[in-house]
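Before any comments, here is the structure.
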Amino acid sequence: MTETVSFGYEDVAPDEKTRRVGGVFSSVASRYDLMNDAMSGGMHRLWKDRFVRRVKPRAGEQILDMAGGTGDIAFRLAAGGAGVTVADINPEMLAVGMERARKRNVEGLIWTEANAETLRFADRSLDAYTIAFGIRNVTDIPAALREAHRVLKRGGRFFCLEFSTTVWPGFAEVYDAYSHRVVPQLGKALAGDPDSYRYLIESIRRFPDMPAFEAMIRAAGFAQTRVEPIAGGLVAIHSGWKI
Ligand code: SAM
């Protein structure tokens, strides 16, 4: 039997998922930032601010922002003087990010194409690893978590910001209606691509809930794992330490 993974609500072969996810982000790259504001009413900015406050980046640290896309997290991490590498599998997303950095006069970031499942960084070479709204798009999530653990120094920290499952009573129904009806319409109107936004919503639904994902982080070797739900778990910050 061939092993399958979820691509939204479909189950597909692993290579097929990687290829299709590539297609989604190549398609949305130029409208990605606009759509984030439109879909979240600007809330993603506050979630990202909070996320980076938790990371507590310090000058002189080496931080990898994996699946860094158009640079939102990296710009925040670098503001305090940390050395930041933005890695992403998708060259179109990175190109948008590099152009944004140029327009904002943000210098010193390293931009590199990489698959989270197989990193070129040496063992124990980084102080922190961040991944925001990226992990659910990765085909082999356990492999990516093991790589995060491998490249961190002892005492290094792992932080993941991702959509999760809200536990607020009544909210799930409203959110369901919004995400399945409104988001693809927004995707159509603003990005000319309802299917990509349908995938993004479906991928959120298929992602493990908070206890299950925390268990995956522990299974990769991290200690003192923690989950911080935001908006009842609509979004969550998962973290852990390499000791
Ligand atoms: N971190 C950015 C942010 O918060 O705005 C971008 C998030 S975007 C929703 C997801 C990103 O994950 C895309 O840029 C996509 O190319 C990247 N991605 C998907 N699979 C990946 C993989 N296996 N390795 C590295 N990046 C990946």
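Each ligand, and each atom within it, is numbered from 1 in the order the structure gives. It should be emphasised that the depicted structure is a prediction, and the values quoted were computed from it without experimental measurement.
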If a pair satisfies side-chain hydrogen bond (donor to acceptor under 3.5 Å, both in side chains) and one of its residues is in residues 234-243, list it, with sequence neighbours excluded. none
Walk me through it: do Asp72 and Tyr32 pass the test side-chain hydrogen bond (donor to acceptor under 3.5 Å, both in side chains)? CA-CA 11 Å; Asp72 267 1; Tyr32 176 75; over 6 Å; no
Where do Arg100 and Asp33 land on the salt bridge (charged side-chain N to carboxylate O under 4.0 Å, His left out) test, with the steps shown first? CA-CA 10 Å; Arg100 289 178 85 205; Asp33 297 304; 3.5 Å; yes
I'd like a table of the close N/O pairs between ligand 1 and the protein (anything under 3.5 Å), one pair per line with both atom names and the distance.
from	atom 1	to	atom 2	distance (Å)
ligand 1	1 (N)	Ala67	O	2.8
ligand 1	1 (N)	Ala132	O	2.9
ligand 1	4 (O)	Ala132	O	3.4
ligand 1	5 (O)	Tyr32	OH	2.9
ligand 1	5 (O)	Lys48	NZ	3.1
ligand 1	14 (O)	Asp88	OD1	3.3
ligand 1	14 (O)	Asp88	OD2	2.6
ligand 1	16 (O)	Asp88	OD1	2.6
ligand 1	23 (N)	Asn115	OD1	2.9
ligand 1	24 (N)	Ala116	N	2.9
ligand 1	26 (N)	Ile89	N	3.3

Carboxylate-amine/guanidinium contact Arg19 Glu16, below 4.0 Å: yes
Picking from Phe158, Phe121, Phe159, what satisfies side-chain contact (heavy atoms from CB on, under 4.5 Å) with Tyr129? Phe158
Would you confirm whether Glu10, through its side chain, and Phe7, through its main-chain N or O, come within 3.5 Å as a donor-acceptor pair? no
